[in-house]
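Worksheet: one structure, shown below.
Within every chain, numbering begins at 1; the chains are lettered A, B, ... in the order of the sequence lines, protein sequences first and strands thereafter.
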Amino acid sequence: MLKVTLRDNSVREVPAETRITDILNELGGRLKKEALAAVVNGVLVDLNYQLTEDADLRFVTFADDEGEDVYRHSSSHILAAAVKRLYKDVKLGIGPAIKDGFYYDFDYANSFGPDDLERIEAEMLKIIKEDLPFERFELAREEAVNYFSDLGEDYKVELIRELPAEAVISCYRCGDFVDLCAGPHLPSTGKVKAIKLLNLAGAYWRGSEKNPMLQRIYGTSFPKKSLLEEYLKRVEEAKKRDHRKLGRELDLFSIQDEGPGFPFLHPNGMIIRNELENYWREEHQKAGYQEIKTPIILNRALWEQSGHWDHYKDNMYFTKIDDLDYAVKPMNCPGAMLIYKTKMRSYRDLPIRLGELGLVHRHELSGTLHGMMRVRSFTQDDAHIFMLPSQIKEEVKKVIALTEKMYQTFGFDYHLELSTRPENSMGSDEMWEEATNILREVLEERGMPYVVNEGDGAFYGPKIDFHLTDSIGRTWQCGTVQLDFQMPSKFGLTYVGEDGQKHTPSALHRVIYGSLERFMAVLIEHFAGAFPLWMAPRQVVVLPISEKHHAYALSVVERLQQAGVRVEADLRNEKVGYKIREAQLQKVPYMLVVGDKEMAERQVSVRERSAGDLGSQNLEAFVAKVQEEIAAKVR
RNA sequence: GCUGGUGUGGCGCAGCGGUAGCGCAAUUGAUUCGUAAUCAAUAGGUCAGGGGUUCAAAUCCCCUCACCAGCUCCA
């Protein structure tokens, strides 16, 4: 007999080779209905799994991350089975569960269109109705290779060949469909209650553009129809926050055919941008930074010296001046290096923190452009910190602290990534190792969780990145701290040490917003266009009830303008309801309704965009309140 | 850059072989009104650009450009 310990610590005795489903049947209840898979001694397995030793047993439902994964993974097999039934000569790529759904990659000579998706979805519903069991079986390596080569599944064969020698090669059968798969899976296709194919896209085999492009079909599935509907609704809602849509509606910016990837900032957008810059200058001054500005175009020799010519050429724009080669800067670092070099520096001067709101241009591939999130010209809130090697750690910490402080002002959620040495990079392994270790130590000392992004560092050094999330959950790199042991020596930067000798300083490149354009985009989506008072393009709008209140309305505007508030009166010949609706759609934080009553007592009737009507108050009291809220940057 | 899709007045959409409509916005007039849309009239489009098929093209075909989703790449 085997001892099985359940989650509630109760222990059951069962004969060896008992299937988990049998235990589940005995337990009955809701769990019997909802269990999708199980965790046996820490390993995720099918419900069909047979116990061979004493076990800690935990059931997994859709509410668990593992359960959701199994559910979506099985859904992707249903997708592949349907495609195999409907189309001849399709080769299978991979089909994993992903956040909010699943996909499967196919190699097929003809291309799938939207009509195909409908056909495939219909076939999937059939397969679900057939309630086919998922059956696991294992093959020896050679058998597996033969099996899948006979089927013509070249990609699967490639995968099998690369599995480690000791790996168990498992397959799952679902009706006539067999797939190489580690599992586990749902007991049968009937468990899937709601499924929908979402879209179609190309994807390179194994993520490399050197490989053939497969056709990827995305979908999602849920154990209840209502959950699927909720999900689709959520996606719809999220689309309303899209910065490209809000950018147009709130008249913040535009991108036009005349300059793909080169955004135009409209007056409203410029207000937000300026507020961001003001706040940035304020904080950087407090943190001991000095501000510089370096040219946008610099000559070829400089870019050769910096290594950009060798390592970054494909992303750069070039021009000729008097027959000499020049490049438009893709980064601000060389400029900062040149300013450092303009005079002798003493160890007593270090650290020197040179900040620059620098406009850079990069030739990004056309397919990657995305509103203001991904553009070809953007302003980095850059800074280069030159310091003694002994100051590195402290400076990295300070940068991280400043980043966290500023992000907190906006209330962002973010995650951190540590990026290590890429291919095609400069410097020795020891240098990279040392630099990477310093960054890692800072993260660990601060107890900040992070993921390692292997091989994703800059060509001159490793980096810590701050990633922010957009309205539909995609993440975008914004802040970054990059350690650089290369540029200072390439540019011959020195400082005079205590010993009277020249030494090479260490350098840190860092941005906090990342790019003002991207940061603004994230900001728009984060607040769904309802910016905190301090950033709002129009902070207050005054709404007179009829023409006889216009003069008073204008006097209210004047008073607020004096107080430094961005305010306008809506004098159009419309009802208050109409003006309110308009101001509400424009997400103006405060609306002041003024009529006979307010005019008589120098009051304003305050309406806040989310709280609604707040009643009347003295104009002076309102002015004071608004000033306070702006100064405190209340979210 | 690659794969698939889309491109019709400022915005959101309909029309999908017989030469363009709707709603909102805009303009003008009337209305002078108390917390998310007052009524009426008017104006606005070489249907992304170029080429082709046809008696006839917004509609079918080809090329280019831009955008959207994803892949690759990045702040």
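- Per the geometry, CD belonging to Glu236(A) stands 13 Å off P belonging to A69(B), to the nearest Å.
- Not less than 6.0 angstrom separates the ring centroid of Tyr450(A) from the ring centroid of His415(A).
- Nucleotides C16(B) and U6(B) have their P atoms positioned 16 Å apart, rounded to a whole Å.
- Between Phe264(A) and Phe253(A), the gap from one ring centroid to the other reaches at least 6.0 Å.
- The pair Glu158(A)-Arg206(A) counts as a salt bridge, with a side-chain nitrogen and a carboxylate oxygen less than 4.0 angstrom apart.
- Where pairing requires Watson-Crick or G-U contacts shorter than 3.5 Å, the helical stems of RNA chain B with at least three consecutive pairs are B:1-7 with B:65-71, B:10-13 with B:21-24, B:26-30 with B:38-42, B:48-52 with B:60-64.
- Taking atom P on both C71(B) and C55(B), the two are 48 Å apart, rounded to the nearest angstrom.
- Within the 4.0 angstrom heavy-atom criterion, no nucleotide atom of any strand lies near Lys579(A).
- Straight-line distance between the P atoms of C13(B) and A69(B): roughly 14 Å, to the nearest whole Å.
- Heavy atoms from other residues, nucleotides or ligands lying under 6.0 Å from CG of Asn110(A) number more than 12.
- Residues Phe485(A) and Tyr460(A) keep their aromatic ring centres 6.0 Å or farther apart.
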Write out a two-atom table: protein N or O, nucleotide N or O from nucleotides 11-15 of chain B, distance below 3.5 Å.
residue	atom	partner	partner atom	Å
G12(B)	OP1	Arg248(A)	NH1	3.2

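- For CD of Gln256(A), the number of neighbouring non-hydrogen atoms (other residues, nucleotides, ligands) closer than 6.0 Å is greater than 12.
- By the 30° and 60° cut-offs, the orientation of the rings of Tyr289(A) relative to His284(A) is perpendicular.
- In terms of polar N and O atoms assigned as donor or acceptor, the side chain of Arg206(A) never comes within less than 3.5 Å of the base of C71(B) in a complementary pairing.
- At whole-Å resolution of the value, OH in Tyr103(A) and P in G4(B) are 19 Å apart.
- Protein atom CG of Asp570(A) is 13 Å distant from nucleotide atom P of A25(B), rounded to whole Å.
- The base of U32(B) sits with one of its N or O atoms less than 3.5 Å from a complementary donor or acceptor on the side chain of Glu547(A).
- Listed pair Ser111(A) / G4(B) meets the phosphate criterion, a side-chain N or O lying under 4.0 Å from OP1 or OP2.
- If you take CG of Asn453(A) and P of U72(B), they are 12 Å apart, rounded to a whole angstrom.
- G9(B) sits 11 Å from A25(B) when the C1' atoms are compared, rounded to a whole Å.
- Geometric assessment of Arg72(A) against the ring of Phe222(A) yields a positive cation-pi assignment under the 6.0 Å and 45° thresholds.
- Rounded to whole Å, the distance from CD on Glu209(A) to P on C73(B) is 7 Å.
- The stacking criteria are not both satisfied for Trp476(A) over the base of A75(B), which would need a centre-to-centre distance under 5.5 angstrom and an angle between ring planes under 30 degrees.
- Residue Arg374(A) contributes atom CZ, which lies 13 Å from atom P of G70(B) at whole-angstrom precision.
- Ring geometry for His73(A) against His77(A) counts as perpendicular: the plane angle is over 60°, on a 0 to 90° scale with 30° as the lower cut.
- Taking the P atoms as reference points, G52(B) lies 28 Å from G10(B), given to the whole Å.
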Taking only N/O atoms, report every protein-nucleotides 59-68 of chain B pair under 3.5 Å with atom names and distance.
residue	atom	partner	partner atom	Å
A66(B)	O2'	Asp257(A)	OD1	2.8
C68(B)	OP1	Arg244(A)	NH1	2.7

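- Of the charged side-chain nitrogens involved, none lies within less than 4.0 Å of a carboxylate oxygen, so that Glu356(A) and Lys293(A) do not count as a salt-bridged pair.
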Nucleotide by nucleotide, 5' to 3', does protein get under 4.0 Å of the base (B), only the sugar-phosphate (S), or neither (-) in nucleotides 36-44 of chain B, counting heavy atoms? BBB------
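- At a cut-off of 3.5 Å, with distance as the only test, no side-chain donor of Asp251(A) or Asn268(A) sits close to an acceptor on the other residue.
- Nearer to the 5' terminus of RNA chain B, by closest-nucleotide assignment, is the contact made by Phe112(A) (compared with the other of Val511(A) and Phe112(A)).
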Got a list of side-chain donor-acceptor pairs under 3.5 Å for residues 517-526 of chain A, not counting sequence neighbours?
residue	atom	partner	partner atom	Å
Glu517(A)	OE1	Thr379(A)	N	2.8
Glu517(A)	OE2	Arg273(A)	NH1	3.2
Glu517(A)	OE2	Thr379(A)	N	3.4
Glu517(A)	OE2	Thr379(A)	OG1	3.4
Arg518(A)	NE	Met373(A)	O	2.8
Arg518(A)	NH1	Gln477(A)	O	2.6
Arg518(A)	NH2	Met373(A)	O	3.1
Glu525(A)	OE1	Ser471(A)	N	2.7
Glu525(A)	OE1	Ser471(A)	OG	3.0
Glu525(A)	OE2	His243(A)	N	2.7
Glu525(A)	OE2	His243(A)	ND1	2.9
His526(A)	NE2	Phe410(A)	O	3.0
His526(A)	NE2	Gly411(A)	O	3.4

In residues 93-103 of chain A, what donor-acceptor pairs under 3.5 Å come from side-chain atoms, sequence neighbours left out?
residue	atom	partner	partner atom	Å
Tyr103(A)	OH	Arg216(A)	NH2	3.4

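- Rounded to an integer number of Å, the gap from Glu423(A) CD to C73(B) C1' is 14 Å.
- In the interface, the side chain of Tyr204(A) is paired with the base of G1(B) through a donor and an acceptor atom under 3.5 Å apart.
- When ring centroids are compared, Trp476(A) and His370(A) come within the 6.0 Å threshold.
- Of the residues Gln482(A), His384(A), Gln380(A), the one that meets the side-chain hydrogen bond (donor to acceptor under 3.5 Å, both in side chains) test with His509(A) is His384(A).
- Taking atom C1' in both A37(B) and C60(B), the straight-line distance is 43 Å, to the nearest Å.
- As rounded to the nearest Å, A14(B) and C47(B) have C1' atoms that lie 13 Å from one another.
- Checking Arg216(A) against Cys478(A), the closest nucleotide of RNA chain B that is more toward the 5' end is the one next to Arg216(A).
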